Amino acid sequence: MNKADKISSLPSLEALTEDNNTLRLKIKGTLDAYTTGKIWNDSLLALKNTKPKELIVDGAAIDYCDASGIALLVNLQLRQEKSGGSYKVEGLSDETNKLYKLFDPADFKEPGKPDPLYSDNKIEAAGKLSYQVWEEIKIYIVFTGRVTVGLINAILNPHKIRWREVFVTSEKFGANALFIIALVNFLVGLVIAFQSAVPMKAYGAQVFVADLLVIAYFKELGPLMTAFVVNGRSGSAFAAELGTMKVNEELDALDTMGLDPVPFLVIPKVIASLIMLPILTVFGNLFGLIGGLVVMFSLGFTFTTYINQLTTAATFGMLLSGLFKTLFFAVIIAGVGCLAGMRASKGPSAVGDAATKAVVIGIVLMIVVDGVFGVIYYILGI
Amino acid sequence: MEDKIINVIDFTAAYGDNIIIDNINFDVYNGEKFVILGGSGCGKSTLLKHMIGLYRPAKGSILIEGEDITKAEGMERIEILKNIGVSYQSGALFGSMTVLENVMLPIEQYTDLSKESIDLIARMKLNLVGLTGSEEKMPSELSGGMIKRAALARAMALDPDMLFLDEPSAGLDPITSAELDQLIIQLSKSLGVTFVIVTHELNSIYNIADRVIMLDKDTKGIIASGEPEYLRDNSEIPIVQKFFKRQTDEQLGG
């Protein structure tokens with residue numbers, strides 16, 4: 001009978017022990033994807049408890065059987081043969097028998113366990129990890145060199161640069177990011193000002209919130225916050241763009257045309273970042289200070305007082321020292337983004353992984369560079 | 001037509017310790033349409049990528065017009081690459097440029113011609129492949145067949161001596177595939193270009209190939225070499241028979 005004709009009946013199992021250590025499992029009813037589960041565990045349990053020398057599955061009373069039922073029969077056979085016993089199936093209808101013959105249980109033996117990914121030996125694992133990290137670092141060092149050479153060539157031969165690409169990227173990287181930069185920095189400025197106003201109240205020093213904000217913003221917060229937002233926005237976009245080109249064999253096509261992807265693809269993006277990030281940082285600083293202004297208003301200070309405090313506390317040197325850092329951040333954002341994309345692997349998650357890597361490594365490198373600058377500026381007394 | 005333009009000598013390809021192709025030797029004659037075929041996973045695309053200089057082999061050399069592409073670096077390598085055109089399995093058109101700009105790119109990079117001349121040459125190439133009218137389209141606006149044609153036009157931009165095509169019919173319907181075959185035959189006749197094509201489409205193979213080599217996954221080498229019709233009718237190796245007659249074990253009666 002076919003599926004349309006059958007009246008589904010729940011299967012039942014009868015386990016009979018016979019002489020000569022033989023177990024006969026009589027299965028009655030329907031064995032399909034929805035019903036086989038009812039007797040699956042019971043049949044395995046019967047086999048386990050009896051441990052017979054011979055197992056006979058009596059299928060004469062099975063009225064319908066599909067691949068799920070066959071899976072049960074195959075499973076019983078594999079287990080029985082694994083423990084060294086013999087196995088026989090009787091009474092299957094012609095249709096069920098045809099289906100049964102399609103599967104050779106030998107194909108379904110348990111596969112050998114694969115080698116573990118990481119060695120149990122902790123020292124060996126640590127060694128392997130260090131080696132991998134070192135290989136990564138080497139790749140970054142080489143890439144930094146290629147980008148540096150590319151930038152020097154760009155300065156020496158400006159007519160060779162793809163300026164259209166630079167302008168398109170500048171718009172995406174810079175102009176289109178203005179709103180989010182303004183918003184994030186406004187809120188950060190607001191929060192910093194507010195949080196510092198609270199403890200300062202005890203000393204009656206709330207007017208100096210303005211000083212604190214402008215110094216912190218020009219030197220650290222403005223460049224970092226802006227760079228982080230842009231990294232998440234554009235660094236990941238660069239990684240996705242180049243990652244997609246990698247998956248699409250476009251990078252291979254460039255290679256076989258004798259075109260180096262660094263000057264062709266990466267340098268225009270680096271140039272766009274170098275132009276746009278300092279400008280965005282200036283805007284970021286402005287909106288950070290506007291956020292502070294809102295807090296100062298709420299504390300009862302006037303606009304004039306705020307401006308006075310700002311102009312007294314801040315120096316041009318502070319602003320420049322912050323903006324100088326953004327040049328390095330710009331190269332990190334564009335470089336790391338492009339490199340992550342160029343190293344994308346194959347498969348559907350490759351581009352996403354590249355974008356994630358770009359953002360994470362970008363953040364880490366920027367914080368490290370910021371730290372280094374902090375030390376340098378301290379030593380130089382800036 | 002009889003001189004050999006490509007020589008593959010003692011070539012072994014491997015990913016790390018995993019050997020894909022083991023010590024093969026073959027030549028491609030000037031002007032012929034040479035097909036590399038085999039079952040899935042036998043390494044034919046890998047072989048092609050080595051021949052165009054994308055990968056370095058574990059052992060052996062590949063001479064393109066007498067120059068070893070596996071050892072060339074810098075300007076030497078670029079000189080060799082100028083004489084070959086490549087069309088990739090996915091087309092690999094640059095998504096941010098129009099079709100015309102894609103074809104113009106290699107010409108801009110390697111020649112000192114004026115923008116007008118480059119524009120005209122590129123349009124002529126697109127005309128050769130039947131894409132006149134699609135010059136300003138972006139690759140995302142093209143159908144599968146059009147992408148393959150545009151990729152072919154770009155590969156021919158510098159009038160190279162050799163064209164390497166990786167699965168040109170992949171993903172195409174039978175009619176478009178046949179049209180592409182005809183285009184390849186026409187280009188071979190009129191321009192005398194040497195073609196090296198990786199494919200496993202039997203119809204294309206019978207239509208196009210002057211000579212074929214068949215790679216085999218198990219032996220990691222060349223299991224058959226010669227004219228396709230000859231191999232179909234005379235080969236005694238079962239796997240070759242199965243391939244050329246497109247039959248399974250049961251159909252062959254063996």
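The sequence lines fix the lettering, A, B, ..., with proteins before strands; numbering per chain opens at 1. This structure is a prediction, so every number in the text was calculated from the model and none was measured.
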Would you say CE of B:M124 has more than 12 non-hydrogen atoms from neighbouring residues, nucleotides or ligands within 6.0 angstrom?
no
* Side-chain heavy-atom pair B:I84, A:T256 within 4.5 angstrom cut-off -> no
- Within a strict 4.5 Å, meaning less than it, do heavy atoms of the B:L105 and A:L259 side chains meet? yes
- request: Flag yes if more than 12 heavy atoms outside A:F283 fall under 6.0 Å of its CZ atom; otherwise flag no.
  value: no
If one checks every heavy atom of B:M75 against chain A at 4.5 Å, the contacting part turns out to be neither
Okay, B:K82 and chain A: the region with an atom under 4.5 Å from a heavy atom over there is neither
Problem - Enclosure of B:E116 CD (heavy-atom neighbours >12, cutoff 6.0 Å) - result: no
On a heavy-atom basis, the closest approach of A:E250 and B:G95 is OE1-N, 3.3 Å
Any ion pair linking B:E101 and A:R164 (charged N to carboxylate O, less than 4.0 Å)? yes
Most contact-rich option vs chain A, by heavy-atom pairs under 4.5 angstrom, among B:I52, B:L54, B:V86, is B:L54
Does a sphere of radius 6.0 Å around NZ in A:K160 hold more than 12 heavy atoms from other residues, nucleotides or ligands, not counting ones at 6.0 Å or beyond?
no
Cut-off 4.5 Å, heavy atoms of chain A, and the answer for B:F164 is neither
Problem - SB check B:K49 A:D255 (cutoff 4.0 Å) - result: no
Residue from B:G53, B:S87, B:S90 scoring the most non-hydrogen pairs under 4.5 Å with chain A is B:S90
Cut-off 4.5 Å, heavy atoms of chain A, and the answer for B:L158 is neither
Honestly, the part of A:L254 sitting under 4.5 Å from a heavy atom of chain B is both
- Side chains of A:M245 and B:F94: does their closest heavy-atom pair fall under 4.5 Å? yes
Check whether more than 12 heavy atoms from other residues, nucleotides or ligands sit under 6.0 Å from atom CD1 of A:I123, and answer yes or no. no
Honestly, the part of B:I78 sitting under 4.5 Å from a heavy atom of chain A is side chain
